[in-house]
Amino acid sequence: MTSIVLLSVLGIANLFLGFLRSNRILLPAALVILLLAFGANVLDWGAAPQSYFNNMLTIDNYSVAFTGIVVLTTLLLLPFSEKYVHDGEANLAEYYSLLLFALVGAIMMVSYDNMLMLFVGIEILSISMYVLAGSDKRNVRSNEAALKYFLMGSFATGILLFGIALVYGATGTFQLTQIGAGVANPANASFMPMLYIGMLLMFIGIGFKVSAAPFHYWTPDVYEGTPTFFTAFMSTVVKTAGFAAFLKLLLFAFSTAQSFWVPTIMAMTVLTLLIGNVGAVAQSSAKRMLAYSSISHAGYLFIGLVALNGKLSENGIFFYSLAYSIATVASFAVLKLVIDQRQREDYDGLNGLAKTNPLLAFVLTVAMLSLAGIPLTGGFFGKFFLFGAAVDKGYIGLVVFAVVMSMVGIYYYLRPVIAMYMRPAADEAATTPIVVSGFQSAVLVILALLTILLGVLPGIASSLL
Amino acid sequence: MLTAVLLFFPLAAALLLHFFKGGTARVVAFGAALLEFVLAVVVAVASKSSAATQFAIDQPWIASSGIRFHIGLDGLSLLLVLLTTFLVPLIILASFRHDYKNASAFYALILFMQTGLIGVFVSLDAFLFYFFWEVALIPIYFIAGVWGGERRVQVTFKFFLYTIIGSLFMLAAFVYLYFQTGVNGAERSSDLLAFYNLSLSAAQQSWLFWLIFIAFAVKMPIFPFHTWQPDTYTESPAPATMLLSGIMLKMGIYGTLRWLLPVVPLGVSQWSKLVMILAVIGIIYGAIIAIRQRDLKRLIAYSSFSHVGLMAAGVFSLTQIGLQGAVIQMLAHGVNAVGMFFVADAIERRTGTREISDLGGLTRHTPVLSVTFLVMLLSTVALPLTAGFVGEFLLLAGVYEYNAWLGAAAGLTIIFAAVYLLRMFQRVMLGPDTSLTATFRDLTGAELAVLAPLIVLVFWIGLFPNTFLHISEPSIIQLLDIVKR
């Protein structure tokens, strides 16, 4: 709870820093705020569950763990926001503040106990993201991304709200656990159709936010147009929070209606995996590939939902989100440096990077191997735990399909690696090293080490919950 | 404790290598690899000859899941660890003549791979085994992909996809077995012994066999999973080719011995005939293609493919003599292949070509080279007194015991090998000079330093095979007990 208060209050305070006309202090200030929030969050670990706002919000180990992921991700991502520091016209303080507010929304999404709190959380997160998607004001693509994201997103939010209303109609409550009791109650049998429709609409709403197929159409365009820094935030924090919220919903509210939603979610899983992976193969832009890859990872995370295997699922989704977030931050960070300084988003822009910037190439390689799920990296154990939970529940066919899809994944994740290590630089401009500050290098090293640490000693994060 | 040191010392050396550059990195890497070999010998001397696992370490790896960091050595593992640690310093030494760009990364990757290889040979937990299995793959992919020949990008990509997809099947089987260990409410475990003690139905074993087998079949490779191999061997830089053929190929055979035969014995007995036939097809097919090759390195690659078929056939004969033959042949083939590829590399470096038709008359300029080449070659052809003879003789005896017709067909490998290798020798070493070979220099001292230990081993295995057979015998007998119970 302290982390929500801290981030909200200091987020507003950060806004006032904008008046100082000194953009240099903004990044350190934001980092300090995040560190404070992270520290406050860690202090909540292991304490007895604490409810706030008339039991609308509960801080327990589950929420602390996922809050940890989103705050850590933002913290590790922030050092790569520097391009804007040199852009005199950008309202930098606002961007940082919006980012902090988005984080508040994400934290509410992982700790909600009441549908309204879920809705408020999603809205805080989404509205901040709509603005940030368009933050590159003079870039048409960025404007397009913001508008697209906003139009589609608000539509999805409407559907979500409608779903919440129907669920309320069927069970008479917004509280998660009471909905769960209502669903299980045989006296409510006549309301089941309404409940099912409500559930479906909610799945659509949240499915949109986590870019699950068939509600993924906005993703590639929005990811491509949005400034890379915020794309990274979108594909990590938003996704983690979305899945944590989804899992909570299924675990506490709808766990007794499995016979209805398992086929639904299963269909979404298969579609998401297929579209994400096959779509990624066809891309020639690394950034777009990562957009499709983020769709495919939503598919893998869905497997944890389908299995809904108590602790196995919770831990699996936690570990996967953590490994995925770290690897994604690393890949976007490297990609952003390359895009900003080489003005190229395609794979060829990465050619010869291993010669000019061995560190960047190494970090991106580790990240790609992790996303591909190759051992020695956290991504492997993420998949391992999720697939294990599904096998345990007997979803062998689904796991086989997912494994085949991750074979496809190996193909497109290796392409940047091949470009960096095995192809010569595309042109003269690409033979000058990319400028990376010492701080950024340090963060990149941390990202790579964390990924490898998770891949070698997965025990440190695999049974926290 | 010793096993852990053996396992992680190369990794530590690889990390340390970051602080050295160029020539120094090379020397440091060689020193580290040599030290590792000494360490392995110390372990070998300290070990007892028995089927029991020695120097074991058993620690929880992933909390509360029954997946453990369990490593240890028995006779079979020990031999392969010895082979690995023996060959790696030689492979590093063999590369001294080349000036690889970014040398510290190059040698760090070789040492890193050594950790993966040793890990494969000492792991006693299925997931740990799989983990090291892939750890060994990643560095070799980069070595071959970054420092390889012209077509390296496509070729290594294919190699990587093939092997990783093959091993994913194995992983799927392991996950299934892991959950099977917990069906009766028991603690789940991925330990080797837990897998051995599973009672699986014949139907389960039947499909599990293929899942696991594909991973090993791709690695060895067995016909028809071999299509990545000739290209990869040809396009890789010489040290990578030596690592691939000398050591990595043995991962497949070793995996079959440890993780396939005893785990799904019913599946093995159901399918062994088919696998034997595939292996024999591979022997003949590889040999026939080898006869037609014009490229020196490619010819040796196909020869390696042909010979590995015989090893696989010996393993699936499920006879003690066949299995022991496979073990000794793993050592012999490791030595032979590294020696052959090294000579091919020495020739290519001097003349700039691998085309057999461009070469000729080397004997007159290079008595030392041609003698050493001949020794390696005759050992590959399985001439008595050499390492290859012992291995192939035992293997053929095993296959013959299984089925006389298959034994006869597999026996063709020796005849064919004589045909393509002696013909190659004749055209490269004898005959008139060509413009490229007229100014050929003989082996230098450093090159001889690579070949001398190999030659010593060729005769050692050839004359006193019991030194090695003795080490692996208890393990093999125990293995057959488990398979046949």
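Order of the sequence lines sets the chain letters (A, B, ...), proteins ahead of strands, with each chain counted from 1. This one's a predicted model, so the numbers in the text were calculated from it and none came from an experiment.
Residue Ile460(A) does not touch chain B at all, counting heavy-atom pairs closer than 4.5 Å. Contacts of Val146(B) with chain A are made by both backbone and side-chain atoms, with heavy-atom separations under 4.5 Å. With a threshold of 4.5 angstrom between heavy atoms, Ile165(B) approaches chain A through its backbone and through its side chain. Using a 4.5 Å cut-off between heavy atoms, Leu376(A) touches chain B through backbone and side chain atoms alike. In this structure, no portion of Phe362(A) lies under 4.5 Å from any heavy atom of chain B. For chain A, the nearby part of Phe160(B) is the side chain; its heavy atoms alone come within less than 4.5 Å. Residue Phe157(B) touches chain A through its side chain alone, counting heavy-atom pairs closer than 4.5 Å. For chain A, no part of Leu137(B) is nearby; none of its heavy atoms comes within less than 4.5 Å.
If you take OH on Tyr141(B) and CD1 on Ile418(A), they are separated by 3.5 Å, rounding to the nearest 0.5 Å. One finds the CG atom of Leu369(A) at 5.5 Å from the CD1 atom of Ile138(B) (value rounded to the nearest 0.5 Å).
The two residues Pro375(A) and Glu134(B) come nearest to each other via the heavy atoms CG-CG, 3.3 Å. Smallest separation of non-hydrogen atoms from Arg152(B) and Met422(A): NH2-O, 2.9 Å. Across Trp61(B) and Val456(A), no two heavy atoms sit closer than the pair NE1-O, 2.7 Å. In terms of heavy atoms, Phe179(B) sits closest to Val391(A) at CD1-CG1, 3.6 Å.
The 12-atom threshold is not exceeded at NZ of Lys355(A), counting heavy atoms of other residues, nucleotides or ligands nearer than 6.0 Å. Within a 6.0 Å radius of NZ in Lys21(B), other residues, nucleotides and ligands contribute 12 heavy atoms or fewer.
Counting heavy-atom pairs under 4.5 Å between each of Tyr130(B), Tyr176(B), Phe169(B), Phe69(B) and chain A puts Tyr130(B) at the top.
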- Task: Start with the C-alpha gap between Phe387(A) and Leu171(B), add the side-chain angles, then the distance that decides, and say whether side-chain contact (heavy atoms from CB on, under 4.5 Å) holds.
- Result: CA-CA 11 Å; Phe387(A) 292 0; Leu171(B) 178 64; over 6 Å; no
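Below 30°, between 30° and 60°, or above 60°: for Phe127(B) and Phe384(A) the angle between ring planes is above 60°, a perpendicular geometry.
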